[in-house]
Protein chains: 4
Amino acid sequence: MAKPRQARFTTADLEGLPELDDESPALWPEGLPDVGRNLLTSAVRCFASNGFHATTTRDISGALGLSPAALYVYFPSKELVLFEIIRAGHQRALEVVTAPDIEAIEDVSEHLRALIAAYTEFHARHHVAARVCQYELAGLTGEHYEEILEIRHRTNAVFRDALARGVDDGTFAPVDVPRVSRAMLSLGIDLVRWYRRDGSDSPEQLGELNGDLALRMVVRHPE
Amino acid sequence: MAKPRQARFTTADLEGLPELDDESPALWPEGLPDVGRNLLTSAVRCFASNGFHATTTRDISGALGLSPAALYVYFPSKELVLFEIIRAGHQRALEVVTAPDIEAIEDVSEHLRALIAAYTEFHARHHVAARVCQYELAGLTGEHYEEILEIRHRTNAVFRDALARGVDDGTFAPVDVPRVSRAMLSLGIDLVRWYRRDGSDSPEQLGELNGDLALRMVVRHPE
Amino acid sequence: MAKPRQARFTTADLEGLPELDDESPALWPEGLPDVGRNLLTSAVRCFASNGFHATTTRDISGALGLSPAALYVYFPSKELVLFEIIRAGHQRALEVVTAPDIEAIEDVSEHLRALIAAYTEFHARHHVAARVCQYELAGLTGEHYEEILEIRHRTNAVFRDALARGVDDGTFAPVDVPRVSRAMLSLGIDLVRWYRRDGSDSPEQLGELNGDLALRMVVRHPE
Amino acid sequence: MAKPRQARFTTADLEGLPELDDESPALWPEGLPDVGRNLLTSAVRCFASNGFHATTTRDISGALGLSPAALYVYFPSKELVLFEIIRAGHQRALEVVTAPDIEAIEDVSEHLRALIAAYTEFHARHHVAARVCQYELAGLTGEHYEEILEIRHRTNAVFRDALARGVDDGTFAPVDVPRVSRAMLSLGIDLVRWYRRDGSDSPEQLGELNGDLALRMVVRHPE
DNA sequence: TATGAATGAGCCTTCATTCAT
DNA sequence: GATGAATGAAGGCTCATTCAT
């Protein structure tokens, strides 16, 4: 039986790679030393390819030419590596949808469209890290999981509010706000399941597409 | 959302349970003995809660009051338990979207709506098994993975074709068929991430909702 | 990694095989039912090919189209199957070297030659069972092992006595009796390591050869 | 003969032992770290006593006060421990019979005598490792088995050639070369079955004895 | 900072054996 | 007599983690 560890999503060596498949390094906190950042990046790829539990500390550190023990110089446990990744990803996603330039948009439709577009774009641009954020929550300890849930709720609320505003003021059709906003989030999130950077969709194009589709979901049909 | 991690999955006797959380038992192949079916059902729950790699054979069999060795009376390996589940789920999903009563629908819009509704309903009804089908593919061996991929392609094609028909005959707006059909699939699939049977949405209601939303995505706006 | 259970010494199915590779069935005790005898024969082949510990009860019974449980109808344990084989083999070997027609030989040289020849012939004829007798003693329990040792001692004594007789009466050179008789036994025993029935040596020819060599070891050189 | 079964192999610390039962440590490859060498030595004893399959990785490492996992720091599998042992043993045996000082012997009889003596001495001196080399071949994978077979063939050829030379030039009686050389090898090999260092035979004495016996097998009888 | 060596805990899997049928 | 189902007890091997260096 072949090792089930084969990476479905091939990632080249980190070394010497001029351009990364995703831009996850941009997510890591400022204070972290370079090796720590590289470890997070390597971990993201491993977790995304094989899942948290199927990834060994040797996988993560080995991709950088380091020994497994090196990981413990920067992180106290494998779980905390996961937590760092998931927290960073969720934090940034929240920042993206609460960015001042988006909140400043007066027009209700354009506001919603911009929200969905930005959210989608974020997930596409960071699809590897985002995949981990969405699919590896079960690897977190209870406490860490709760902490992440809290951020998710706040993020979700942003969408619900934006939609509610348009429904309330009559701009949008009188849709079921929680359910429809949930569907809009699905458009933005589900792409981490299939998105590849080498495909024909740029993060921007995908953001535009989903923004359109979301608006179509709630547009009032002139009778 | 209840915490789906940490505490190992524990379930009361399957036998005693009058109503199951999902209806996955209906998915298992005919020939299989009862104990084998129960093992699959137990495995589905464990995999859905904790992931394939974090689930032990003891978790699966223990939930039925059996020893780990009992699993090997019915399946040659843990991986094959996963494969059986994922194959059954995918097979049935394909059957659902190729059901004669759906294919018989003449009206293009109603056809698409029925497709999305049925697909959504299926995922909601079998959300536990469907979650495994969508998120645990990395646990499969290369060969088994390929086999599943093949079924997925056929399923996806059904949606693409249905949408293309409406675009071609002018019923729908001239949307980008592959991308938009992908978005429609997202609506149906992403719910496995969050759906709970105890929530306020029945599978039927959710199917109706997604059917509506999908049609709204492609409806022609009268100028 | 390939299963290390591959049988080095291929044995055809017992069913329908007109002629057996060795004649071990002839060794089994009279009272035993046919199925029991077949189980012993199958076990001999498995043990000889793969060793006692690497042989499963399923291997033994499966070769006869039976389930593992069938073995326990005839034998109380796997170890006792081994013991039965080893005891039968050793008993018969002792019988061979204490056969009246050999003991009746007056001539000292011819007596020794006949002894070595018969012993060699026996091991060649039953080389599969004899291999188990020589190499799988470690699989026996302490008590059973002691019981076998006792038979071996008696067998060995026969050779030592025959040689001593010739040395004492001056027929043979004044060799070191225990050491040289041990060497003669080596000739007879070691063949179980390499003997194949399909080779060019018949048991009789091999017996003759070893009888000759043994005599050459002790012949007096006329000055 | 001490009971070599039942009670799992237990040895005092290898370190503390001033003199080992056999000299197998001398067989291990140069590059190996001390712990690795000790593991091989411990494994040899376990395999010799109980057989490969009846020996656990805990037996091997436990004798050194190490955990089972320690073995995997030095060897990738239990089978490879066996292979390393068997390869080292066979390699050295070949070196012994192809040593320059033996090949340099002009006299045909003395050459053969020296060959048999050296071969015997080697097996006696390393009787524990040699036992494993002769009796545990079935524990090897197919590939490793083939590799060993190749060395054995070369070793055997040395004896056949030495004997053939004497037969051809008339020094020896016109014996059947393959069969008689096989018998000579039996004298050297079979001792691993019964040799104990505490017995009254030193390796040198045994070598001398077998050298004599071998020559007696082929000496020309003056008519 | 980085690691080689070591391990405790645990996992998947096997298997001799039992027993109700 | 024969077996299918089940299991207790391992066994080989892995891995997150530690620690002396």
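Note that these values count all heavy atoms, side chains included, but never hydrogens, waters or copies made by symmetry. Note on naming: letters A, B, ... go to the chains in the order of the sequence lines (proteins, then strands), and numbering restarts at 1 for each one.
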Can you see if the side chain of [X] gets near the phosphate of [N] - specifically, an N or O under 4.0 Å from OP1 or OP2?
X       : N      : result
A/Thr57 : F/dA16 : yes
B/Tyr72 : E/dC15 : no
A/Tyr74 : E/dA2  : yes

Legend entry - Spacing of CZ belonging to B/Arg45 relative to CD1 belonging to B/Ile60, to within rounding of 0.5 Å: 12.5 Å

Rounded to whole Å, please give me the gap between [atom1] in [X] and [atom2] in [N].
X       : N      : atom1 : atom2 : answer
B/Leu32 : F/dA5  : CG    : C1'   : 14 Å
D/Asp59 : F/dC13 : CG    : P     : 14 Å
B/Phe47 : E/dC12 : CZ    : C1'   : 12 Å
A/Phe52 : F/dC15 : CZ    : P     : 13 Å
B/Ile60 : E/dG10 : CD1   : P     : 18 Å
C/His53 : E/dT14 : NE2   : P     : 19 Å

Legend entry - Options F/dG12, E/dT3, E/dC15, nucleotide nearest the side-chain atoms of A/Ala69: E/dT3

Legend entry - Minimum-distance nucleotide (side-chain atoms of A/Ser67 versus E/dT3, E/dC15, F/dA2): E/dT3

Legend entry - Non-hydrogen atoms of A/Trp28 and A/Thr41 that approach each other most closely: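 For A/Trp28 versus A/Thr41, the nearest heavy atoms are NE1-OG1, 2.9 Å.
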
Inset, instruction - Specify the closest pair of heavy atoms between D/Ala63 and D/Ser42, including all atoms of both residues, with the distance to one decimal. - result: CB-OG, 3.5 Å

Legend entry - Whichever of C/Ala70 and D/Pro68 has its nearest DNA chain F nucleotide further upstream toward 5': C/Ala70

Legend entry - Upstream residue (5' side of DNA chain E) when C/Pro76 and B/Arg58 are each assigned their closest nucleotide: B/Arg58

Legend entry - Pairwise 5' ranking along DNA chain E for D/Leu66 and C/Leu71, keeping only the more 5' one: D/Leu66

Does [X] have any side-chain contact (heavy atoms from CB on, under 4.5 Å) partners at least two apart in sequence or in another chain, and if so, which?
X        : answer
C/Leu32  : C/Arg37, C/Leu40, C/Phe75
C/Glu147 : C/Phe83, C/Arg87, C/His144
C/Val73  : none
C/Glu136 : C/Phe52, C/Leu82, C/Val132

Inset, instruction - Mark yes or no for whether C/Lys78, through its side chain, and C/Leu71, through its backbone, hold a donor-acceptor pair below 3.5 Å. - result: no

Inset, instruction - State whether the side chain of A/Asp59 and the backbone N or O of A/Thr56 hold a donor-acceptor pair below 3.5 Å, judged by distance alone. - result: yes

Inset, instruction - Indicate, with a heavy-atom threshold strictly under 4.0 Å, whether B/Phe75 touches base, sugar-phosphate, or nothing. - result: nothing

Legend entry - Dot-bracket notation for DNA chain F, counting Watson-Crick and G-U pairs under 3.5 Å, with | for partners on another strand: .||||||||||||||||||||

Inset, instruction - For DNA chain F, determine which residues of residues 77-87 of chain C have any heavy atom closer than 4.0 angstrom to one of its atoms, and list them numerically. - result: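 By residue number: none to list.
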
Inset, instruction - Flag the pair C/Leu66 / C/Val35 as yes when at least one side-chain heavy-atom distance between them is below 4.5 Å, and no otherwise. - result: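 Heavy-atom side-chain distance check passes, below 4.5 Å.
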
